[in-house]
Protein chains: 2
Amino acid sequence: MAVSARESGGSRRYGQGREALLQAAVQVVADQGLRNLTYRAVARKAGVAHALVAHHFGSREALLTAALRFSLDNSVTTISARPGSGDLDALFVGLSTLVEANPHDQAFQYELILESRRRPELRPYVVDIYQTYVNALHAELEHAGVQPDVALTHVIYAAADGLVFHQLTIGNPDLTERSLQRLRSLLKTRCQDSDPAAATGIAGRRCEERGLQE
Amino acid sequence: MAVSARESGGSRRYGQGREALLQAAVQVVADQGLRNLTYRAVARKAGVAHALVAHHFGSREALLTAALRFSLDNSVTTISARPGSGDLDALFVGLSTLVEANPHDQAFQYELILESRRRPELRPYVVDIYQTYVNALHAELEHAGVQPDVALTHVIYAAADGLVFHQLTIGNPDLTERSLQRLRSLLKTRCQDSDPAAATGIAGRRCEERGLQE
DNA sequence: AGGAAAAATGTCCAATTGTTCAGTTGTAGG
DNA sequence: CCTACAACTGAACAATTGGACATTTTTCCT
């Protein structure tokens with residue numbers, strides 16, 4: 001399916017070139033790699049002249065930085081389906097679906113995390129979104145009575161991140177979901193062990209263990 | 001520290017150009033990205049003429065494939081410090097040190113896992129090493145009395161993978177180690193819950209809980 | 001020693017690259 | 001309407017790229 005000119009999508013209006021270029025940059029990186037992030041490739045996908053990239057961003061590096069900011073701003077940072085509910089079963093709900101829905105953004109972000117190893121000016125953005133995720137996760141775990149410290153929060157974040165990375169590259173959303181259920185189980189047992197309130201039933205739905213199959 | 005000509009390392013002998021190029025390719029990708037994996041960059045780092053790349057590998061793509069094979073063959077696939085011991089405390093021991101010791105190989109492999117999304121011929125290698133890791137992990141977990149299924153093994157693998165990825169990009173080996181301790185704790189509690197033998201002391205050191213601080 | 005095969009080199013080329021620039025088109029405010 | 005300014009374009013250019021090729025060097029075998 002060869003897409004001509006406007007490369008899939010409605011006609012663009014005057015003044016919308018910049019955003020079109022940012023979206024195009026994310027897509028190009030996601031499905032052709034940083035190697036093929038060229039003025040011409042991005043411009044073609046955005047349906048504009050390639051000189052417009054230089055006009056808006058000045059350089060290829062600046063385009064990449066702007067695209068990362070753009071991608072992160074449009075990213076979902078909710079970690080739970082019912083934030084603040086303390087329900088572990090709501091944690092990471094829909095994660096596999098989210099990856100399936102827009103693999104482009106995910107792939108782009110992983111590419112840029114690796115790139116940030118070599119481009120220090122990208123690091124603040126990477127560190128910032130990590131902190132955002134981890135803070136949200138820490139709050140959820142606390143509400144669930146897990147009594148998390150930095151290390152525990154980190155390893156759970158790492159697990160979710162690893163699951164996303166694996167699904168993105170090798171596939172299989174089903175395995176992701178089943179693995180998330182195991183992760184929740186692990187948290188529940190720790191929760192029961194460490195929270196005496198839950199054991200005596202005082203904390204209500206906290207640390208409730210539900211059926212593993214569904 | 002500008003390194004001239006031979007670019008750090010003793011003088012190479014006739015017949016060793018191929019391996020030198022493979023090592024150089026891994027290093028170039030790791031610290032300059034796939035974008036700068038060029039005949040000339042690799043040849044410079046290997047201390048040979050750039051035409052030698054084409055002579056040995058035929059094309060840039062073939063060089064990349066060969067470099068991936070080379071990197072995976074030289075990779076450590078032991079998951080435990082005492083394989084088969086059933087000791088959870090030996091699981092993932094030295095992981096942060098391993099990443100610190102050769103970040104090049106790790107970074108190279110992550111770059112190529114992402115690349116395998118676009119180059120189907122790379123996928124078999126990626127899938128293969130994943131299977132190797134997961135199988136080894138599954139065996140260790142079984143010896144430890146964790147009674148793992150595919151999903152549990154997968155999520156633990158994902159956690160370790162996520163920790164490595166994070167350490168590689170954002171840093172902090174200390175956090176990795178402390179997170180691994182939390183991971184082991186989680187496994188031990190599950191182990192105790194699911195393994196009646198451990199509870200009655202029949203299984204010996206299986207599922208033994210040790211002090212969290214050290 | 002001699003000759004064949006493999007390893008290694010230097011040179012060449014068309015294609016693509018990032019970037020510059022002079023010019024054109026569209027738009028908002030007076 | 002018109003003018004100033006931003007968005008946008010097409011053409012140009014030097015540098016770098018992957019790859020091809022003919023040639024030289026090294027090694028190994030008889």
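Every chain is numbered from 1 and lettered A, B, ... according to where its sequence line falls, protein lines coming before strand lines.
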Using a heavy-atom cut-off of 4.0 Å to chain B, what are the terminal contacting nucleotides of DNA chain C, in 5' to 3' order? C/dA6 to C/dG18

Across all chains, not counting sequence neighbours, the salt bridge (Lys or Arg N to Asp or Glu O under 4.0 Å) partners of B/Asp31 are none

Using whole Å, report how far CZ of B/Phe57 lies from P of D/dA20. 16 Å

Could you tell me the separation between the CZ atom of B/Arg44 and the P atom of D/dG18, rounded to a whole number of Å? 11 Å

How close do A/Thr77 and A/Ala136 get, counting heavy atoms only, and between which atoms? O-CB, 4.3 Å

Heavy atoms of B/Leu88 and B/Arg184 approach each other most closely as O-CD, 3.2 Å

I'd like to check [X] versus [Y] (side-chain heavy atoms, cut-off strictly below 4.5 Å). Are they in contact?
X	Y	value
A/Leu37	A/Val42	yes
B/Glu142	B/Pro148	yes
A/Thr169	A/Tyr110	no

When all nucleic acid strands are considered with a 4.0 Å heavy-atom cut-off, which category describes A/Leu37: base, sugar-phosphate, or nothing? sugar-phosphate

Can you list, by residue number, the residues of residues 111-123 of chain B that have a non-hydrogen atom closer than 4.0 angstrom to DNA chain D? none

Ring pair (Phe, Tyr, Trp, His ring centres under 6.0 Å): pairs with one or both residues in residues 18-58 of chain A, sequence neighbours excluded: none

Can you give me every donor-acceptor pair (side chain of residues 118-126 of chain B, partner residue at least two apart or in another chain, under 3.5 Å) with its distance?
residue  : atom : partner  : partner atom : Å
B/Arg118 : NE   : B/Glu115 : OE1          : 3.2
B/Arg118 : NH1  : A/Ala30  : O            : 3.2
B/Arg118 : NH1  : A/Glu111 : OE2          : 3.3
B/Arg118 : NH2  : A/Glu111 : OE2          : 2.6
B/Arg118 : NH2  : B/Glu115 : OE1          : 3.3
B/Arg119 : NE   : B/Glu121 : OE2          : 2.8
B/Arg119 : NH2  : B/Glu61  : O            : 3.4
B/Arg119 : NH2  : B/Thr65  : OG1          : 3.4
B/Arg119 : NH2  : B/Glu121 : OE2          : 3.1
B/Arg123 : NH2  : A/Ile170 : O            : 3.4
B/Tyr125 : OH   : B/Arg69  : NH1          : 2.7

Set out, in order, the CA-CA distance, both residues' side-chain angles and the distance that settles side-chain contact (heavy atoms from CB on, under 4.5 Å) for A/Leu152 and B/Leu186, then state yes or no. CA-CA 9 Å; A/Leu152 181 65; B/Leu186 287 175; 4.0 Å; yes

Let me have a per-nucleotide readout for nucleotides 4-11 of chain D, 5' to 3', with B, S or -, counting only protein heavy atoms under 4.0 Å. --BBBBBB

Between B/Tyr39 and D/dG19, is there a side-chain N or O to OP1/OP2 distance below 4.0 Å? yes

For the residue pair A/His154 and A/Tyr130, categorise the inter-ring angle as parallel (less than 30°), tilted (30 to 60°) or perpendicular (more than 60°). perpendicular

